[in-house]
Protein chains: 2
Amino acid sequence: MRYERDNIKSMQGYVSGEQPEDRDFIKLNTNENPYPPAPEIQQVIADFDARALALYPPARADRFRDLAASLHKIRRDNIIATRGGDELLRLLITTFVNPGEAIGMTDPTYSLYPVLAQIQDCPTVTVPLEKDWTLPDDFAAQVNRAKCKLTFLVNPHAPSGKLLAVDRLADIASELNSVLLVDEAYVDFVEDRYDSIPLILEQDNIVILRTLSKGYSLAGLRFGYGIGAEDLITPMLEKTRDSYNLDLISQLLAEAAITSRDFAMENCRKIMIQRDVLRNALLQLGLDCEATQTNFLLATVPAGFACSARDLYEALKAAGILVRYFSEPKLINRVRISIGLPEENRKLVDSIKSLQGADRK
Amino acid sequence: MRYERDNIKSMQGYVSGEQPEDRDFIKLNTNENPYPPAPEIQQVIADFDARALALYPPARADRFRDLAASLHKIRRDNIIATRGGDELLRLLITTFVNPGEAIGMTDPTYSLYPVLAQIQDCPTVTVPLEKDWTLPDDFAAQVNRAKCKLTFLVNPHAPSGKLLAVDRLADIASELNSVLLVDEAYVDFVEDRYDSIPLILEQDNIVILRTLSKGYSLAGLRFGYGIGAEDLITPMLEKTRDSYNLDLISQLLAEAAITSRDFAMENCRKIMIQRDVLRNALLQLGLDCEATQTNFLLATVPAGFACSARDLYEALKAAGILVRYFSEPKLINRVRISIGLPEENRKLVDSIKSLQGADRK
């Protein structure tokens with residue numbers, strides 16, 4: 001007998017980029033940071049006394065919340081610490097969206113959003129992006145018309161890497177009748193002046209997602225946080241969150257990470273420089289590739305290139321380099337490439353070159 | 001404006017036992033283990049290279065699952081690793097219970113269950129335990145009549161510490177029309193021969209919860225697992241679980257814990273001995289206190305005792321000793337006391353003695 005709910009039975013789970021056990025691959029497929037985390041992280045681990053694990057951890061990660069509040073010049077009550085950004089996304093749905101109510105998002109977007117909507121048995125309302133990946137002018141109106149209770153915007157956008165300005169976010173939030181989640185997983189790689197956090201003081205319906213996975217080189221730690229008006233944060237913190245959602249070691253490491261933020265931001269700057277270098281190299285190879293504000297590039301394989309995007313992905317994999325290929329219509333002729341170390345990026349470029357050479361023979 | 005769902009707005013969050021920042025309290029209130037975790041835990045921490053945190057962790061904790069499968073002589077597909085037992089409880093509801101459908105449990109029981117039910121907007125069907133804390137004979141029939149889609153049984157029971165035999169569990173599971181969760185958080189402190197795991201091979205509707213929090217002295221780690229038929233485990237593993245629910249360090253430490261299980265079980269035996277010592281001392285003080293199969297005792301404060309249960313809790317707290325007091329009707333004249341180190345238990349006994357002395361003056 002199958003006991004699952006109907007919506008669970010009929011759905012597919014989230015499919016992440018490949019995570020091979022064989023770590024010899026050059027991994028440019030899941031937007032991990034190629035640089036190590038700050039030395040303070042190793043130090044906290046070295047100093048950690050395992051006996052402390054016998055007790056339950058601080059339930060709300062208040063020390064981390066205080067540090068994040070101080071960094072962003074807001075109050076502790078505006079912050080919830082979560083098991084990666086993923087937990088925050090789930091909590092937003094659990095807290096603010098009844099089953100059957102709609103959740104808004106763009107097409108394309110981070111492919112986890114529709115999966116989380118299905119788990120809650122919520123229909124997904126997708127607003128197609130324009131050809132240049134910008135939002136249509138009537139985005140908020142469309143979402144309101146569909147009676148969405150929650151809207152997910154990833155900014156900078158994945159997988160295009162485009163940034164929406166703070167003013168535009170403010171306009172959208174004030175036009176929306178419901179909660180807006182701004183997923184800033186990649187914000188540490190933004191070149192422009194960009195600070196959306198003051199919006200939470202003006203708008204009662206914005207939650208901003210941050211994660212230590214990308215900018216802080218801590219994807220393996222599973223630590224993120226949400227920033228928003230206290231009325232949005234409190235029910236997630238006090239009611240819908242698993243009561244001890246963050247283990248003790250993760251909390252201590254997250255505190256160390258945010259305290260040593262300068263180290264991480266220096267690595268982000270290196271990645272931003274490499275982003276330009278790699279983009280220029282890909283353009284020279286004949287791929288289309290717009291500038292991004294993230295730690296990845298979205299390369300379009302033009303008609304007449306040596307191979308299709310799918311074949312490029314496969315050939316690179318065979319050469320020991322993983323990039324991300326999405327089979328959905330808007331992305332079918334593209335590959336998403338995470339920025340690696342300089343030598344990794346060079347190997348990628350060399351591999352594509354040799355593919356082209358093989359094609360010409 | 002308040003954006004919460006109605007069920008979230010109207011509910012109260014889970015209230016755990018006090019977790020004072022001031023660690024000078026003797027903590028006998030949240031059933032933590034007073035002994036340290038195995039030395040292998042500290043060793044894994046000492047050997048850990050923080051650079052590994054830059055990459056995402058293994059998504060399904062397969063190495064841990066293999067070790068747990070080997071320990072319990074079942075297959076990896078029968079196991080899901082979770083962020084403490086709490087995550088498993090939540091996933092069971094998310095996966096198997098539609099909002100509006102009922103969830104069965106006993107009264108009293110672990111006070112988190114009704115909170116999780118409310119989050120999913122599910123009514124709770126509570127079956128009162130008999131006076132001696134045993135299940136009524138028609139438990140399964142009552143739950144079936146109420147059309148429960150999921151039933152939570154904690155075994156050994158909290159807060160009474162009573163154990164239900166495997167045969168009785170088998171009968172209940174086969175009579176139930178729906179999923180049965182057997183929460184074995186305290187199983188490592190069971191004296192009798194007890195092994196419910198073979199039931200998962202006979203019954204397609206049982207999931208057994210295990211945690212490293214109690215027996216393994218790892219409450220701070222937040223690591224548990226579920227054991228059940230593959231058809232029950234797979235949808236939680238592949239669909240409803242947050243995609244990377246367990247960070248890398250937790251996975252490595254959980255692997256070390258289960259590998260060094262003998263060390264933890266030796267500590268559990270010490271606790272079981274202390275449990276008898278403490279129980280006898282409490283009886284001598286005039287408290288009622290039945291034998292338990294857990295790392296806690298439930299002491300009843302009889303009429304004519306020096307003070308009420310609530311006053312006992314308050315007086316012990318003032319003396320620097322935390323025990324757990326529940327204000328619900330069936331527990332109003334009782335306190336739950338976690339078994340501490342021998343000297344902690346002695347201090348508790350001495351404190352109660354001096355309360356009695358003060359009362360007599």
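Each chain gets a letter, A, B and so on, in the order the sequences are listed, and its residues count up from 1.
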Is a donor on one side and an acceptor on the other found under 3.5 Å between the side chain of Q42(B) and the backbone of D49(A)? no

Heavy-atom side-chain contact between P235(B) and Y3(A) under 4.5 Å: no

Which of L221(B), D204(B), L218(B) touches chain A most, by non-hydrogen pairs under 4.5 Å: D204(B)

Any idea which of Q251(A), R2(A), E238(A), M11(A) has the most non-hydrogen atom pairs under 4.5 angstrom with chain B? M11(A)

Criterion side-chain contact (heavy atoms from CB on, under 4.5 Å) on E87(B) and E87(A), from CA distance to verdict: CA-CA 11 Å; E87(B) 183 186 6; E87(A) 183 186 7; over 6 Å; no

Most heavy-atom pairs under 4.5 Å with chain B, out of D231(A), T95(A), L248(A), belong to T95(A)

Is the count of non-hydrogen atoms from other residues, nucleotides or ligands lying under 6.0 Å from K149(B) atom NZ greater than 12? no

Contact class of L232(A) relative to chain B, heavy atoms under 4.5 angstrom: side chain

Scored by heavy-atom pairs under 4.5 Å with chain A, the best of Y244(B), F48(B), F223(B), Y14(B) is Y244(B)

Which region of L89(B), side chain (C-beta onward) or backbone (N, CA, C, O), has a non-hydrogen atom less than 4.5 Å from a non-hydrogen atom of chain A, or is it both or neither? neither

Segment of L237(B) engaging chain A (4.5 angstrom heavy-atom cut-off): neither

What is the distance from atom CD1 of I8(A) to atom CG of L91(B), rounded to the nearest 0.5 Å? 10.0 Å

What residue, out of V97(A), D6(A), N33(A), has the most heavy-atom pairs lying under 4.5 Å from chain B? V97(A)

Student check: side-chain heavy atoms of F96(A) and E4(B) closer than 4.5 Å: yes

Is any side-chain heavy atom of I249(A) closer than 4.5 Å to one of D247(B)? no

Segment of Y216(B) engaging chain A (4.5 angstrom heavy-atom cut-off): neither

Has R51(B) got a side-chain atom pairing as donor or acceptor with P37(A)'s backbone, closer than 3.5 angstrom? no

At a 4.5 Å cut-off on heavy atoms, which part of N267(B) comes close to chain A: side chain, backbone, both, or neither? neither

Do N98(A) and N7(B) have side chains that approach each other closer than 4.5 Å (heavy atoms only, starting at C-beta)? yes

Euclidean distance, D86(B) CG relative to N245(A) CG, rounded to 0.5 Å: 10.0 Å

Would a 4.5 Å heavy-atom cut-off, applied to side chains only, mark L55(A) and Q19(B) as touching? no

Side-chain donor/acceptor of K239(B) to backbone N/O of I119(A), under 3.5 Å: no

By a 4.5 Å heavy-atom criterion (distance strictly below it), what part of D47(A) contacts chain B: side chain, backbone, both, or neither? neither

Which residue out of D121(A), I41(A), L150(A), N205(A) racks up the most heavy-atom pairs below 4.5 Å with chain B? N205(A)

Shortest non-hydrogen contact from R222(A) toward Y56(B): NH1-CE2, 3.7 Å

I'd like to know if R83(B) and D242(A) make a salt bridge, using a cut-off of under 4.0 Å between side-chain N and carboxylate O. no

Determine the option with the most heavy-atom pairs under 4.5 angstrom with chain B, choosing from A54(A), G13(A), P39(A), A46(A). A54(A)

Picking from P99(B), A38(B), A59(B), S213(B), which has the most non-hydrogen pairs under 4.5 angstrom with chain A? P99(B)

Over 12 non-hydrogen atoms of neighbours within 6.0 angstrom of NZ in K147(A): no

Could you measure the distance from the CD atom of Q120(A) to the OG1 atom of T240(B)? Nearest 0.5 Å is fine. 12.0 Å

Of the non-hydrogen atoms in G220(A) and P57(B), which two are nearest, and what is the gap between them? CA-CD, 3.8 Å

Between chain B and each of S243(A), S178(A), A52(A), count heavy-atom pairs under 4.5 Å; write down the option with the most. S243(A)

